[in-house]
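In what follows, chains are A, B, ... by sequence order, proteins preceding strands, each numbered from 1.
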Amino acid sequence: MPDDLFTGLNPAQQRAVQAVDGPVLVLAGPGSGKTRVLTHRVAYLIRALQVDPYQILAVTFTNKAAREMKQRLVHLVGEEAAYALTVGTFHSLCARFLRRDSVHLGRERDFVIYDGDDQERLMRRVVRELNLDEKKYAPRAMLARISSAKNELVGPAEYARLNRTYLDEIVARCYERYQQLLRQSNALDFDDLLVEMVHLFEQHPAVLGHYQRRYAYLLVDEYQDTNRAQYTLVKQLAAQRHNLFAVGDNDQSIYGWRGADIRNILQFEQDYPDAQVILLEQNYRSTQAILDTAQAVIAGGGKQKHRKNLWTDNGSGTKVSLHEGYDQDAEASFVADEIARLVASGEVSYGDCAVMYRVNAQSRALEEAFIQHGLRYQIIGGTRFYDRKEIRDVLAYLRLTANPYDNVALTRVLNWPPRGIGERSEAELTRWANELGVPLYQALREIEVGTSPFAARARSALLGFLANIDQILTMRNSLPLTDLFDAMMICLEVRETLLKEYDSEEAEDRWRNVQELRNVMNEYNHLPLESQLSTFLEEVALVAEVDKLEDKADAVTCITLHQAKGLEYPVVFLVGLEEGLLPHSRSLNEREQVEEERRLLYVGMTRARQRLYLCYAFRRATFGRSNITTRTRFLADIPKELLAQTKQQRKTTAPPAQSSMFTARSTIAGPPPKTAARPPRPAAPSSPTFAPGQHVHHPTFGDGVVVSSRLIENDEEVTVKFADKERRLLASFAKLEHLTG
DNA sequence: GGCAACGACAAACTG
DNA sequence: TGTCGTTGCC
């Protein structure tokens with residue numbers, strides 16, 4: 001018996017679910033159950049309107065969301081219908097469609113997908129080839145421009161035509177060559193997946209017609225984050241039937257930097273004049289206290305008229321806490337203390353808590369604090385599994401197996417394991433391949449048969465490599481994926497190589513990572529033999545880090561604000577709310593960019609269900625340098641009566657400090673802290689109470705020896721050498737005890 | 001060509 | 001503070 005379609009849905013949600021055919025825009029605030037609406041809409045189409053599930057295409061923001069939607073639909077419409085649906089992200093859907101229809105583009109089916117690292121390698125090659133200064137024309141910067149161009153559907157020729165500055169010309173040349181080399185490698189980068197799809201539809205109306213007929217119903221989540229290419233794709237697909245159901249929230253648009261255009265959602269009604277607009281204004285996630293605070297931040301953005309008025313009947317809840325830590329370590333330590341306290345009280349578990357930050361680099365201080373406090377935690381992002389060198393090397397071989405013309409993969413492992421092919425041989429091979437106008441693999445074949453410019457030693461090394469590749473290639477179609485993998489490891493002596501490169505402990509670590517990759521492959525062994533490898537590689541390229549987020553593990557989640565989109569936690573800490581970090585220093589120049597940072601903060605705040613902590617540090621170390629900070633401007637938009645300070649009040653008998661921080665602080669001094677975890681601060685000392693050589697005890701760091709001590713502002717900064725390392729502590733803050741004897 | 005040591009430079013978010 | 005790339009030596 002399938003679950004009921006409408007139980008638990010409010011009238012607005014029901015209206016959305018039951019909207020008649022035609023374009024629909026659902027403007028949904030955070031926590032308004034938009035994913036639920038989207039899912040139930042699909043179920044409604046199938047069950048009430050008798051739409052064939054085969055005709056429904058739903059686009060989600062992450063693969064994880066796609067999986068969850070399908071799971072939910074199993075209960076609503078049954079397994080068979082749920083599996084007949086097409087659900088996925090723009091990128092994964094395009095990859096799938098292109099593979100099916102790429103004959104029209106005159107390319108081979110088995111294209112590979114280049115990720116950021118591959119792109120960079122390729123662009124480095126381009127920049128060198130064009131004799132450009134890599135310092136002046138950083139490959140990353142070139143790629144950033146090219147990526148924006150692609151997101152706007154501007155190709156190399158048009159780019160060259162449109163742009164007039166000298167730099168533009170350089171970029172245009174790089175762009176063109178970059179595309180040539182991608183094509184030669186039979187590769188597409190992430191942006192190409194979308195661009196190629198749009199082009200395919202433009203150039204082959206019959207193909208487009210096929211998709212338009214097949215997907216009579218189109219649903220798109222997070223519409224505010226679509227870029228020009230995605231927008232065009234949607235427009236193409238929906239052109240016939242207009243059955244477009246778009247869900248989004250302009251206040252949560254945070255991907256402008258990668259080409260998302262907020263106008264796509266703002267102008268929906270102009271694009272589709274017969275559109276119905278439905279507002280989802282009730283928030284089911286957060287308490288009133290959290291919602292009010294978040295709304296204050298978003299309203300601080302100014303003039304733009306807001307169409308949504310969010311409300312909740314979840315009750316007022318605990319006030320939002322504002323906390324100042326001395327530095328990022330104190331901030332992290334506060335977070336850890338607070339989580340430990342909440343967990344000890346039995347109120348929440350570790351898994352209920354999340355810490356969010358602007359940049360991944362901030363996770364280190366948190367990690368240290370969590371280790372010190374013995375809390376379970378997981379860090380999402382940072383160096384990803386698939387970014388590890390050994391994994392990328394092994395993957396490069398797998399990619400070569402799928403497609404020997406992949407030049408980036410080939411150069412990556414040309415000399416790994418080391419086989420005596422150095423820089424010179426590689427350069428010579430590249431030059432020669434360019435001269436012949438063939439992929440590197442082809443050039444290697446030529447060495448075998450004809451005359452080549454290589455000395456005997458280089459020649460035999462290169463042929464050795466070719467023999468390796470060919471040996472693996474012969475196994476490609478006869479072995480299941482995991483067996484192919486094992487054979488490959490033996491043939492390449494991967495384990496032995498790792499043992500040579502690293503000391504035994506690290507080598508074992510890396511070997512375990514490689515084995516982990518093999519575990520992932522297990523899931524593909526059941527597919528038809530010929531599609532195992534390509535399917536595996538495609539999914540590896542397109543998984544996002546959040547896709548792997550598991551909520552089963554009872555651990556504190558550390559995550560960037562961007563990745564946190566769409567998630568929710570009972571307890572949320574936002575750390576590093578300082579100028580230069582949020583808004584990030586690189587967005588300070590442009591108003592619109594600062595507004596995007598504001599929305600980012602809003603997204604973070606609205607992830608919280610019951611408790612929200614806003615944290616910033618008085619000083620913060622970047623590049624190992626410690627600097628005085630300024631609280632983020634966005635805090636000024638929050639009425640002070642909405643906030644509770646968890647920080648102890650200073651007894652400010654000292655003269656006003658030179659730092660603006662101290663004057664700023666007094667303006668937000670709210671009501672007495674509700675959740676104060678620490679005893680009040682002692683009065684400021686007038687002379688150092690700690691002296692070098694003294695033995696002290698700290699509740700977290702243990703015993704240590706004072707290195708130095710000095711008076712700062714109205715407190716005392718003590719540098720103490722603990723067993724693990726030296727730390728700078730504030731005497732009033734750190735609960736240091738003198739040890740006698 | 002390979003390896004070790006040193007120095008420069010970097011860190012915004014991601015599919 | 002850590003990573004990566006270059007340099008210089010074997």
**Fill in**
Bounded by its outermost nucleotides with an atom under 4.0 Å from a heavy atom of chain A, the footprint on DNA chain B reads B:dG1 to B:dG15
**Asked** Does A:R258 make a cation-pi contact with A:Y255, if we ask for NZ or CZ under 6.0 Å from the ring centre and within 45° of the axis?
**Response** yes
Would you mind classifying the nucleic acid contact of [X] as base, sugar-phosphate or nothing, using non-hydrogen atoms under 4.0 angstrom?
X      : answer
A:R625 : nothing
A:E597 : base
A:D191 : base
A:N415 : sugar-phosphate
A:S585 : nothing

Does [X] have any side-chain hydrogen bond (donor to acceptor under 3.5 Å, both in side chains) partners at least two apart in sequence or in another chain, and if so, which?
X      : answer
A:R67  : none
A:S363 : none
A:R459 : none
A:R620 : A:E331, A:E578

**Asked** Is the A:F190-A:F90 ring centre distance short of 6.0 angstrom?
**Response** no
**Asked** Parallel under 30°, tilted from 30 to 60°, perpendicular over 60°: which one fits the rings of A:Y326 and A:F618?
**Response** tilted
**Request:** Provide the distance between the two C1' atoms, one in B:dA12 and one in C:dG5, to the nearest whole Å.
**Result:** 23 Å
**Asked** On a whole-Å scale, what distance lies between the P atoms belonging to C:dC4 and B:dC13?
**Response** 15 Å
**Nearest-nucleotide 5' precedence on DNA chain B, A:T89 against A:G420** = A:G420
**Fill in**
The residue, A:R358 or A:Q119, whose nearest nucleotide of DNA chain B is more 5′ is A:R358
Nucleotides 4-7 of chain C: which of its N/O atoms have a protein N/O under 3.5 Å away?
none

**Request:** Report yes or no: does A:E579 contribute a side-chain atom to a donor-acceptor pair with the main-chain N or O of A:R633 at less than 3.5 Å?
**Result:** yes
**Prompt:** Counting heavy atoms not belonging to A:R419, are there more than 12 under 6.0 Å from its CZ?
**Reply:** yes
